[in-house]
Amino acid sequence: MKKVIVMSELDNVATALESIDLGEGISVDIFGRGWELKAKAPIPFGHKIAIRPIKKGENVIKYGEVIGVATEDIDIGDWVHVHNVASLRGRGDLIEKERRG
């Protein structure tokens with residue numbers, strides 16, 4: 001049974017379809033290209049796990065869309081959440097900062 005889902009070849013995160021334990025092996029499949037990784041943290045149901053290394057400042061991509069930017073280096077198997085990602089949506093402070101230059 002699949003434990004994660006990836007919707008686009010562009011994605012650098014997968015979404016957990018069930019809770020994943022620390023150290024648990026996970027099969028990732030993107031359109032027939034599959035590989036295994038190990039969870040480096042417990043991943044709650046519905047949360048994201050890195051399937052590729054993401055450097056600080058790089059975009060986090062889910063379902064083929066940019067959902068945020070990494071605030072620190074994120075390794076394969078890391079939990080990807082608010083502790084290491086800043087959202088780019090609904091950020092009125094960024095819009096105001098950009099407006100002011």
Side-chain angles (χ1 to χ4, degrees):
M1 185 167 136
K2 282 179 139 178
K3 294 195 175 219
V4 297
I5 188 168
V6 180
M7 298 298 288
S8 169
E9 293 184 74
L10 301 174
D11 292 357
N12 52 20
V13 296
T15 302
L17 298 174
E18 60 185 70
S19 294
I20 299 169
D21 294 326
L22 170 68
E24 189 173 342
I26 301 163
S27 295
V28 177
D29 185 297
I30 301 178
F31 305 107
R33 288 181 298 118
W35 68 93
E36 300 280 328
L37 62 88
K38 285 200 184 282
K40 292 188 173 178
I43 312 295
F45 165 76
H47 284 230
K48 299 171 292 301
I49 183 169
I51 60 171
R52 298 186 174 107
I54 308 168
K55 295 287 183 194
K56 180 179 179 179
E58 282 187 34
N59 290 331
V60 175
I61 303 170
K62 177 181 174 184
Y63 304 152
E65 298 288 331
V66 175
I67 62 166
V69 64
T71 57
E72 60 188 59
D73 290 346
I74 302 171
D75 202 7
I76 294 172
D78 281 341
W79 180 34
V80 179
H81 197 52
V82 296
H83 65 284
N84 53 15
V85 176
S87 175
L88 296 176
R89 297 180 183 194
R91 292 285 309 266
D93 58 325
L94 293 179
I95 294 169
E96 183 63 30
K97 186 177 177 182
E98 189 174 296
R99 202 177 302 156
R100 282 186 264 145

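Worth saying up front: this structure is predicted, and the values here are computed from it rather than measured.
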Can you confirm whether [X] sits close enough to [Y] that some side-chain heavy atom of one is under 4.5 Å from a side-chain heavy atom of the other?
X: K3; Y: L17; result: no
X: I67; Y: K48; result: yes
X: K62; Y: V60; result: no
X: N84; Y: I54; result: no
X: F45; Y: S19; result: yes

Find the distance between [atom1] ([X]) and [atom2] ([Y]) and round it off to the nearest 0.5 Å.
X: K2; Y: T15; atom1: NZ; atom2: OG1; answer: 11.0 Å
X: L10; Y: E65; atom1: CG; atom2: CD; answer: 9.0 Å
X: E58; Y: D73; atom1: CD; atom2: CG; answer: 8.5 Å
X: I43; Y: K40; atom1: CD1; atom2: NZ; answer: 11.0 Å

Treat each ILVMFWY residue as a node, draw an edge where side-chain heavy atoms are under 4.5 Å apart, and state whether [X] and [Y] are in one component.
X: L37; Y: V13; result: no
X: V69; Y: V85; result: no
X: I61; Y: V80; result: no

Tell me the closest heavy-atom pair linking [X] and [Y], and the distance in Å.
X: K56; Y: T71; answer: CE-O, 3.5 Å
X: D29; Y: V6; answer: O-CB, 4.3 Å
X: I51; Y: A14; answer: CG2-CB, 3.7 Å
X: A39; Y: I20; answer: CB-CG2, 3.8 Å
X: P44; Y: A16; answer: O-CB, 3.7 Å
X: I74; Y: A70; answer: CD1-CB, 3.8 Å

Checklist line | Backbone of N59 reached by a side-chain donor or acceptor of N12 within 3.5 Å | finding: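 At least one qualifying donor-acceptor pair exists.
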Next item on the list: Can you run down the ring-ring contact (aromatic ring centres under 6.0 Å, His included) pairs that involve residues 3-35, sequence neighbours left out, and say none if there aren't any?
Entry: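 Output for this query is empty, none listed.
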Next item on the list: Assign the ring pair H83 / W79 to parallel, tilted or perpendicular, where the plane angle (0 to 90°) is split at 30° and 60°.
Entry: tilted
